[in-house]
Amino acid sequence: MAKAEHLNPTGSYKDRIAAATMAAALTAGRRGWIGTSSGNGGAAMAAHGQRAGLPGFICVPSDAPVEKLASIRPYGVEMVAMSTMGPVVMAELGRIAEQENLQLTITTHVHNPEGMHGAQGIGTELAAIGGITHVYVPVGGGGLLVATAAGLRSGGSDAIVVACQPAGCAPVARHLAGELPEPIVSRCDTDVSGLQLPEPPDGPAAAEAVRASGGWGTTMSDEMVWQAQDLLATSEGIFVEPAAAVSLAAVAEDVRTGRLGPDDRPCVVLSGNGLKDLRRFTKPASPAEITTIADLAGRVSDYLAIAQRKGTL
Ligand SMILES: Cc1ncc(COP(=O)(O)O)c(C=O)c1O
């Protein structure tokens with residue numbers, strides 16, 4: 001089973017957080033908002049912020065996927081690219097927010113608890129479906145997992161919560177496995193955008209929520225993430241970004257290691273849309289081979305012949 005959060009208005013579960021954040025900002029009489037984002041949170045805050053009539057200022061990593069940054073631009077908020085991100089930048093934004101009466105929109109419980117409340121709906125909606133034994137959640141800063149777990153509990157579900165992280169940046173999963181005293185690593189070595197946080201602000205709370213559910217952390221190589229992304233697209237017609245495919249890759253890994261059995265009913269949280277990160281699918285020159293009208297019929301019949309040989313037709 002899958003929770004299709006990639007179908008939210010700006011393409012990720014962050015819309016839920018942005019709606020709650022802007023409601024809180026209006027209630028508190030803020031004159032605008034400020035935050036960091038790897039891209040999804042920025043687009044969501046920008047859209048919901050403009051709807052609320054609140055101007056926004058967003059700090060993004062300079063190496064974020066171009067699609068993520070481009071999808072923030074239409075809303076006309078101020079965007080600056082930072083050479084480094086992390087706790088120091090977040091603390092400085094907190095200070096500025098306080099001084100300037102701005103809403104701090106960082107999507108973690110540590111910085112924005114009222115906004116994160118919006119993501120609990122993922123858990124309560126899954127609890128209402130019933131019968132789900134495990135919920136597989138991608139983990140970057142840890143806030144999505146904490147909110148999902150809280151929603152599951154408040155909806156009466158006792159599903160096991162699994163923290164899914166790429167092995168190249170897995171502070172929470174490795175801490176849960178007893179490898180690290182704290183959910184902190186010195187650097188990240190993964191290409192999965194959105195999950196590159198060596199010091200996840202909600203890491204300790206995420207680890208606690210996993211433990212309370214009887215869950216664990218599962219890690220996988222980036223290559224396994226790409227395979228899961230491809231599998232979902234080619235078998236179900238569902239295109240998610242790598243950060244979301246991490247949850248399916250974790251299910252595959254847990255089936256392989258026997259942690260999941262045939263009687264289990266796992267659900268993966270598909271947190272973001274594939275259109276947010278097309279780096280694996282765009283070539284610099286041209287997205288598809290150029291063909292003339294004269295060649296077209298021949299190309300189609302070649303394709304059909306190959307498909308028939310492969311048994312896909
Ligand atoms: C698509 C997607 N999935 C998962 C996550 C991880 O959420 P969190 O940082 O709350 O752990 C993010 C974070 O940006 C994301 O953009």
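The figures that follow rest on heavy atoms only: side chains count, while hydrogens, waters and symmetry mates do not. In this chain, numbering begins with 1 at the start of the sequence shown.
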Checklist outcome for this item: Contacts of Cys59 meeting disulfide bond (SG atoms under 2.5 Å apart) (sequence neighbours excluded), chain-then-number -> none

Item to check | Any pair counted as side-chain hydrogen bond (donor to acceptor under 3.5 Å, both in side chains), so long as it reaches residues 157-173, sequence neighbours left out | outcome: none

Checklist entry - Would you call Glu241 and Lys68 a salt bridge, taking side-chain N to carboxylate O under 4.0 Å as the test? => result yes

Item to check | Residue pairs involving residues 218-267 (criterion ring pair (Phe, Tyr, Trp, His ring centres under 6.0 Å); sequence neighbours excluded) | outcome: Phe239-Phe281

Checklist entry - Side chains of Glu182 and Pro204: does their closest heavy-atom pair fall under 4.5 Å? => result no

Checklist entry - Rounded to the nearest 0.5 Å, how far does CD of Gln227 lie from CG of Asp222? => result 11.5 Å

Checklist entry - Under 4.0 Å between a Lys/Arg side-chain N and an Asp/Glu carboxylate O for Arg279 and Asp191? => result no

Next on the checklist: Does either side chain, that of Asp15 or that of Thr10, offer a donor lying less than 3.5 Å from an acceptor on the other one?
Outcome noted: yes

Next on the checklist: Please give the remaining members of the hydrophobic cluster of Val185, linking ILVMFWY side chains under 4.5 Å, ordered by chain and number.
Outcome noted: Leu180

Item to check | Approximate separation, where rounding is to 0.5 Å, of Ser38 OG and Gln196 CD | outcome: 8.0 Å

Next on the checklist: On a heavy-atom basis, which atom in Ala173 and which in Ala163 lie closest, and how many Å separate them?
Outcome noted: CB-O, 4.4 Å

Checklist entry - Quick one: does Glu5's side chain get under 4.5 Å of Leu270's, heavy atoms only? => result no

Checklist entry - Is the shortest heavy-atom distance from the side chain of Leu278 to the side chain of Glu67 under 4.5 Å? => result yes

Next on the checklist: Please list all pairs meeting ring pair (Phe, Tyr, Trp, His ring centres under 6.0 Å) that have one or both residues in residues 143-186, counting only residues at least two apart or in different chains.
Outcome noted: none

Checklist outcome for this item: salt bridge (Lys or Arg N to Asp or Glu O under 4.0 Å) pairs touching residues 108-126, sequence neighbours excluded, are Lys3-Glu125, Arg16-Glu125

Item to check | Any residue meeting side-chain hydrogen bond (donor to acceptor under 3.5 Å, both in side chains) with Asp63, in chain and number order, not counting sequence neighbours | outcome: none

Item to check | Selection residues 245-281 - residue pairs positive for disulfide bond (SG atoms under 2.5 Å apart), sequence neighbours left out | outcome: none

Item to check | Sequence neighbours excluded - ring pair (Phe, Tyr, Trp, His ring centres under 6.0 Å) pairs with any residue from residues 13-46 | outcome: none

Item to check | Pairs meeting criterion ring pair (Phe, Tyr, Trp, His ring centres under 6.0 Å) with involvement of residues 95-142, two or more places apart | outcome: His134-Trp216

Item to check | Closest non-hydrogen atom pair between Leu152 and Ala127, with its separation | outcome: O-CB, 3.9 Å

Item to check | Minimal non-hydrogen separation, Ala119 against Ile17, with atom names | outcome: CB-CG1, 3.9 Å

Next on the checklist: Among residues at least two apart in sequence or on other chains, which ones pass side-chain hydrogen bond (donor to acceptor under 3.5 Å, both in side chains) with Glu100?
Outcome noted: Arg31

Checklist outcome for this item: d(Met22 CE, Leu26 CG) to nearest 0.5 Å is 8.5 Å

Checklist entry - How about Arg280: does its CZ atom have over 12 heavy atoms from other parts shown lying under 6.0 Å from it? => result yes

Checklist entry - Between Arg95 and Glu98, is there a side-chain N and carboxylate O pair less than 4.0 Å apart? => result no

Checklist entry - Taking the side chain as C-beta and beyond, is there a heavy-atom pair between Val240 and Ile238 under 4.5 Å? => result yes

Next on the checklist: Testing the basics here: between Ser37 and Gly42, what is the closest heavy-atom pair and its distance to 0.1 Å?
Outcome noted: OG-N, 2.8 Å

Item to check | Any donor-acceptor N or O pair under 3.5 Å, side chains Thr21, Asn112 | outcome: yes

Item to check | Side-chain heavy atoms of Gln103 within contact of Ile34, under 4.5 Å | outcome: no

Item to check | Spatial distance of atom CG (Asn40) from atom CG (Asp277) [nearest 0.5 Å] | outcome: 9.5 Å

Let me have the donor-acceptor pairs involving side chains of residues 305-313, under 3.5 Å, with sequence neighbours excluded, atom names and distances please.
{"residue": "Thr312", "atom": "OG1", "partner": "Ala307", "partner atom": "O", "Å": "3.2"}

Checklist outcome for this item: Here the pair of heavy atoms bringing Leu69 nearest to Met79 is O-CE, 3.6 Å

Item to check | Test side chain to side chain contact (heavy atoms under 4.5 Å, CB included) applied to Leu145 and Val135, Val210, Val269, Val172, the passing residue | outcome: Val210

Next on the checklist: If only side-chain N and O atoms count, and only distance matters, is there a donor-acceptor pair under 3.5 Å linking Arg265 with Thr133?
Outcome noted: no

Checklist entry - What heavy-atom pair brings Arg153 and Ser213 nearest, and what distance separates the two atoms? => result NH2-CB, 2.9 Å

Item to check | Side chains of Leu144 and Ser271 in contact at under 4.5 Å (non-hydrogen atoms) | outcome: yes

